[in-house]
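Read the structure below first, then the notes.
Remember, predicted model here, so these are calculated numbers, not experimental data. Note on naming: letters A, B, ... go to the chains in the order of the sequence lines (proteins, then strands), and numbering restarts at 1 for each one.
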Amino acid sequence: MSARATSPPHAAGPPVTRFAPSPSGELHLGNARTALFNQLLARQGAGRFLLRIEDTDSQRSSEAYTQALMADLCWLGIEWDAGPDREDERGPYRQSQRGPLYARHLEALERQGVVYPCFCTPLELSLARRAQLAAGKPPRYAGTCRELPAAERERRRQQGVPATLRFRVPPGERVEFADLVHGPQTFLSDDIGDFVVRRADGSAAFFFSNAVDDALMGVTQVLRGEDHLTNTPRQLLILAALGLRAPAYGHVALLLGADGAPLSKRHGASSVREYRERGYQPAALINHLFRLGHSSPLQGLLTLDEMTRAFDPAHLGRAPARFDEQQLNVWQKDVVHRLTPEAARAWLAPVLPPALDERAAAAFTSALLPNLLLPEDARPWVDIVFGGPPALEPAGEELVRQAGAGYFSAAAAAAARDGNDLPAIAGAVRAATGRKGADLYMPLRVALTGRAHGPELAPLLKAMPPGKARERLARFA
RNA sequence: GCUCCCUUCGUCUAGAGGCCCAGGACAUAGCCCUCUCAAGGCUGUAACACGGGUUCGAAUCCCGUAGGGAGCGCCA
């Protein structure tokens, strides 16, 4: 058994990293994190970060998803130096446009005889796989077409039998590489079946196009999901056959849902888009992702620049991390509380009454903001502040009853004189009843908002239309 | 089935043989502050999956077991 020498490590130069999503769905949280890590790695070394769209599967890929992917990346603050929307000499950055490049390298493999046409049909293959699995054997390509006589190959080709191109995996070799996060890895080529590098329709398959593009684009480091770990040897084999330099691969553990199962629809949301639509802030999401499977001594909210400085590939975790919404909410709350008045108003706009004037919107937003996690949370308060007199909670009715009519006539009189001014109203009630503390304020809160809990009363009152306080207090006078 | 990866408080993690009867953050509990809520301050509860080795000494090294995950696709 011989050990195949892997390509030498890249000379110390600026790193080139990439994010290579397939546009067959919304940007997944796990992929967003991968994109973030790769961007941080590139920026940290003053290198380049590329966006490559892996749309070789025309059936599943769509331009709409490509656009959505880029929009969500931008929303998160992730920006690439080259990509489908900013091409350079290493492009094109859509795999669907790189056919000629693939064809050239495929031909090179054919010349070397390390690939061969496979005429097995999808049905035959899936039957064979099932049989192998049933027999307790690894479902690997059986090698049916590997040693087909040249004449037979030619005959089938003439007949126009569709064929894929398979990579002839050399027997008895060890494929070794140093994983950026898992350390030294060794795989046996005998455990790897001959795999498809070109589909029957002539398009390049993932193992091939992905590896070749990384090499051709000068990518030096690839941080990707751990699901690619056991496939890495195949890509190394391809690159070695082509004499291309492989990037250093680092496999980050997958993201799990709060229950420890792989992140999926079942968990409510698994795409960036969904969180975005619910009103989560990009800074909250990015801060959460930054610490999933990665640790930093820095605490608190970090900007992208701070993350760039703090990012440490040595601190990428090997164990899968759970995407816990509770933790995300902590960041979200933090971000929301720091929103500028303008940003806060824009954030809340979807739930504000359409005809609201500037001043009222600003007052409402600043009054509510400290108590909000999502825009949705403000909805009931829109009615309370701008709608008719709110119904009282059962517990509140008792409070109001005990306060008595004198309490409220003093309050209503103050409101008639001074408007929606809590200090004035409370002062008048205090003078009239001698109440203080919770006894003084709670009946006011309940009469004014219908609820015993809520945002600070004084600013909330200021946000109400003129006359509201008097009207609501007078109900109980 | 075979191969590979993983396993420290509820969660994210620090920890690379003695600095660890395991540290931090968030969550949680109690107290303080306070018109309620939120924020803030203080205090507390809480973990090395299990079993064997190696060693004077193991969360850290080795071997097993259990549990979780991934790969073995004309999907990426």
Side-chain angles (χ1 to χ4, degrees), chain A residues 20-25 31 54-57 59-61 95 118 120-122 125-126 129 132-141 162-166 179 181-182 185-188 190-193 195-203 205-207 209-210 224-234 251 253-254 256 258 260-262 288 291-297 299-300 314-315 317-331 333-334 337 368-373 422 426 435-446 449 451-458:
Chain A
S22 163
S24 56
N31 285 139
E54 307 228 323
D55 54 354
T56 56
D57 184 346
Q59 288 295 307
R60 303 189 188 200
S61 303
Q95 288 191 326
C118 170
C120 298
T121 66
L125 292 170
S126 85
R129 249 193 308 278
Q132 285 169 316
L133 245 13
K137 285 195 279 205
R140 278 201 285 272
Y141 179 63
T164 60
L165 204 58
R166 277 186 193 272
D179 189 278
V181 348
H182 291 280
Q185 303 289 314
T186 304
F187 290 88
L188 266 23
D190 290 343
D191 290 331
I192 305 169
F195 53 92
V196 172
V197 289
R198 188 180 66 203
R199 304 189 186 102
D201 67 3
S203 63
F206 168 77
F207 292 131
S209 56
N210 179 269
R224 58 184 356 181
E226 205 179 83
D227 47 340
H228 292 291
L229 181 58
T230 50
N231 285 329
T232 303
R234 298 161 193 257
H251 294 91
L254 266 17
L256 304 178
H288 191 212
R291 293 158 211 271
L292 252 25
H294 176 255
S295 65
S296 166
Q299 261 154 32
H315 276 88
R318 301 139 307 271
R322 303 178 187 214
F323 187 94
D324 189 349
E325 229 171 74
Q326 190 180 46
Q327 187 64 46
L328 170 64
N329 287 343
V330 173
W331 296 118
K333 202 183 291 181
D334 213 346
H337 290 178
L368 263 296
L369 205 62
N371 285 62
L372 299 178
L373 182 65
L422 186 67
R435 284 176 174 240
K436 54 183 183 176
D439 286 341
L440 172 61
Y441 285 95
M442 284 309 281
L444 284 176
R445 169 175 289 281
V446 170
T449 70
R451 298 183 173 200
H453 301 305
E456 271 201 70
L457 199 48

With a 4.0 Å cutoff (strictly under), does any side-chain N or O of Arg199(A) reach OP1 or OP2 of C75(B)?
yes
Of the listed C75(B), A14(B), C35(B), the closest approach to the Arg60(A) side chain comes from C75(B)
Do Asn371(A) side-chain and C37(B) base share a donor-acceptor contact under 3.5 Å?
yes
State, to 0.1 Å, how close Leu440(A) and Ala426(A) come at their nearest heavy-atom pair, and which atoms those are.
CD1-O, 3.7 Å
Among G69(B), C72(B), A39(B), which nucleotide has an atom closest to any side-chain atom of Leu254(A)?
G69(B)
Counterpart base for U7(B), defined by Watson-Crick or G-U wobble contacts under 3.5 Å:
A66(B)
Identified pairing partner of C2(B), criterion: Watson-Crick or G-U wobble below 3.5 Å
G71(B)
What does A29(B) pair with, Watson-Crick or G-U, if both distances are under 3.5 Å?
U43(B)
Pick base, sugar-phosphate or nothing for Ala438(A), based on heavy-atom distances below 4.0 Å to the nucleic acid.
sugar-phosphate
Minimum-distance nucleotide (side-chain atoms of His228(A) versus C35(B), C12(B), A76(B)):
A76(B)
Nearest-Å distance once atom C1' is located in both C20(B) and G15(B):
9 Å
In whole angstrom, give me the gap between the P atoms of C48(B) and U7(B).
15 Å
Scanning both residues in full, the closest heavy-atom pair of Asn371(A) with Pro455(A) reads OD1-CA, 3.7 Å
Say you pick atom P in G71(B) and the same atom in G30(B); how far apart are they, in whole Å?
45 Å
Using a 4.0 Å heavy-atom cut-off across all strands, classify Phe187(A) as base, sugar-phosphate, or nothing.
sugar-phosphate
Candidates C74(B), C12(B), C72(B) - which lies nearest the side chain of Pro139(A):
C72(B)
Between G10(B) and A47(B), how many Å separate the two C1' atoms, rounded to a whole number?
10 Å
Using the P atom in both, what is the distance from A46(B) to G23(B), to the nearest Å?
12 Å
Measuring from the side chain of Met442(A) (C-beta onward, heavy atoms only), which nucleotide among U11(B), C35(B), G71(B) has the closest atom?
C35(B)
Ignoring hydrogens, what is the shortest heavy-atom contact between Leu125(A) and Arg166(A)? Give both atom names and the distance.
CD1-NH2, 3.5 Å
Under 4.0 angstrom, heavy atoms only, what part of the nucleic acid is Cys118(A) near: base, sugar-phosphate, or nothing?
nothing
Using atom C1' in both nucleotides, what's the gap between G17(B) and U60(B) to the nearest angstrom?
7 Å
Starting the side chain at C-beta, find the nucleotide from C2(B), C35(B), C74(B) nearest to Leu457(A).
C35(B)
Euclidean distance for P, A22(B) against U45(B) (whole angstrom)
11 Å
Would you please confirm or rule out a distance under 4.0 Å between OP1 or OP2 of C74(B) and any side-chain N or O of Arg129(A)?
yes
Rounded distance (nearest 0.5 Å) linking atom CZ of Arg445(A) with atom CG of Leu457(A)
5.0 Å
From the options G1(B), C5(B), A39(B), select the nucleotide whose nearest atom is closest to the side chain of Pro138(A).
G1(B)
Give none if C20(B) has no partner; otherwise give the nucleotide forming a Watson-Crick or G-U wobble pair with it, both distances under 3.5 Å.
none
Ring geometry between His228(A) and His251(A) (parallel below 30°, tilted from 30 to 60°, perpendicular above 60°):
tilted
Between the base of C35(B) and the side chain of Arg445(A), is there a donor-acceptor distance below 3.5 Å?
yes
Rounded to whole Å, how long is the line connecting atom CZ of Arg322(A) with atom P of A27(B)?
19 Å
Of all the choices, C4(B), C35(B), G71(B), which nucleotide is nearest to the side chain of Leu229(A) once you look at every atom?
C4(B)
Measure from the side chain of Tyr441(A), starting at C-beta and using heavy atoms only, and say which of C26(B), C35(B), G1(B) lies closest.
C35(B)
Out of curiosity, Asn329(A) CG to Asp324(A) CG, how far, rounded to the nearest 0.5 Å?
8.5 Å
If C61(B) has a Watson-Crick or G-U wobble mate with both distances under 3.5 Å, name it; if not, just say none.
G53(B)
Testing the 3.5 Å rule here: is there a donor-acceptor pair between the side chains of Ser203(A) and Arg199(A)?
yes
Name the closest nucleotide to the Pro122(A) side chain, picking from C74(B), A76(B), G24(B).
C74(B)
Heavy atoms under 4.0 Å, any strand shown: does Ser295(A) hit a base, just sugar-phosphate, or nothing?
sugar-phosphate
If each of Asp227(A) and Thr186(A) is mapped to the nucleotide of RNA chain B with the nearest heavy atom, which maps nearer the 5' terminus, i.e. the 5' end?
Thr186(A)
Gln132(A) side chain N/O closer than 4.0 Å to the phosphate oxygens (OP1, OP2) of G1(B)?
no
Counting only side-chain N and O atoms of Thr56(A), is one of them less than 4.0 Å from OP1 or OP2 of A76(B)?
yes
Name the pairing partner of A14(B), where a pair is Watson-Crick or G-U wobble with both distances under 3.5 Å, or state none.
none
Check whether any side-chain nitrogen or oxygen of Lys333(A) sits under 4.0 Å from OP1 or OP2 of A39(B), and answer yes or no.
yes
Please confirm whether the shortest side-chain N or O distance from Arg166(A) to OP1 or OP2 of C74(B) is below 4.0 Å.
yes
Quick check on G15(B): is either OP1 or OP2 less than 4.0 Å from any side-chain nitrogen or oxygen of His315(A)?
yes
With C1' as the reference atom in both, quote the distance from A39(B) to A58(B) in angstrom, rounded to an integer.
44 Å
Base, sugar-phosphate alone, or nothing: which one does Gln59(A) contact when heavy atoms must sit under 4.0 Å apart?
nothing
Which atom pair, heavy atoms only, marks the closest approach of Pro443(A) to Ala438(A)?
CD-O, 3.8 Å
Watson-Crick or G-U wobble mate for C35(B), both contacts under 3.5 Å:
none
When we call it a touch if two heavy atoms are under 4.0 Å apart, what does Arg234(A) touch: a base, just sugar-phosphate, or nothing?
sugar-phosphate
Taking atom CD of Glu226(A) and atom CG of Asp179(A), what is their separation to the nearest 0.5 Å?
8.5 Å
Report the residue (Gly437(A) or Ala319(A)) whose heavy-atom-nearest nucleotide on RNA chain B is the more 5′ of the two.
Ala319(A)
Please give, in whole Å, the distance from A70(B) C1' to Asn231(A) CG?
9 Å
